Amino acid sequence: LGATSSSEETTLAAKLFRWDQDIVVSRAPGRLDVMGGIADYSGSLVLQMPIYEACHVALQLQQPSEGEPATLSIVSLHADNTHRSPAYT
């Protein structure tokens with residue numbers, strides 16, 4: 001995908017899905033971790049709270065064409081703003 005503008009990213013993302021098939025969308029909120037880290041997994045007391053930022057994921061099962069390998073495409077919208085690579089396949 002390279003360096004792209006927000007409108008170009010939206011156009012590229014729109015091409016990832018088949019709009020006549022089901023798409024599963026999920027959201028995981030970010031959290032502020034003042035103390036505790038992963039200690040909450042062992043029952044320790046921690047000081048954490050959810051924040052506005054979140055990770056959104058959209059998934060769709062697409063059968064590959066006969067003879068083609070199955071692939072997983074990952075696209076991070078607005079990746080240029082966070083200096084992260086925008087796409088993986």
Side-chain angles (χ1 to χ4, degrees):
L1 292 174
T4 57
S5 70
S6 181
S7 62
E8 288 175 307
E9 285 182 338
T10 302
T11 300
L12 290 169
K15 294 178 183 178
L16 289 173
F17 298 103
R18 296 182 181 147
W19 298 102
D20 59 339
Q21 297 179 11
D22 290 340
I23 299 172
V24 177
V25 178
S26 184
R27 176 185 181 274
R31 68 180 186 177
L32 175 64
D33 182 355
V34 178
M35 59 181 248
I38 61 171
D40 57 339
Y41 298 127
S42 64
S44 297
L45 297 176
V46 296
L47 180 56
Q48 299 174 343
M49 64 181 288
I51 58 176
Y52 178 76
E53 284 76 13
C55 176
H56 293 84
V57 176
L59 305 167
Q60 183 179 62
L61 179 61
Q62 297 179 1
Q63 296 297 326
S65 301
E66 190 171 327
E68 294 291 322
T71 60
L72 172 66
S73 296
I74 302 171
V75 177
S76 178
L77 296 180
H78 310 295
D80 290 340
N81 297 338
T82 59
H83 306 293
R84 295 184 176 142
S85 182
Y88 306 93
T89 297

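Just so we're clear, the structure is a prediction, and the values are computed from it rather than from any experiment.
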For P69 against P64, the heavy-atom pair lying closest together: O-CB, 3.9 Å
Heavy-atom closest pair, residues P29 and R27: CB-NH1, 3.7 Å
Pairs satisfying ring pair (Phe, Tyr, Trp, His ring centres under 6.0 Å), at least one member in residues 13-33, at least two apart: F17-W19
ILVMFWY cluster, I23 and L16 together (side-chain gap under 4.5 Å): yes
Residue pairs involving residues 57-66 (criterion side-chain hydrogen bond (donor to acceptor under 3.5 Å, both in side chains); sequence neighbours excluded): Q60-Q62
Path from L61 to L59 over hydrophobic side-chain contacts below 4.5 Å: no
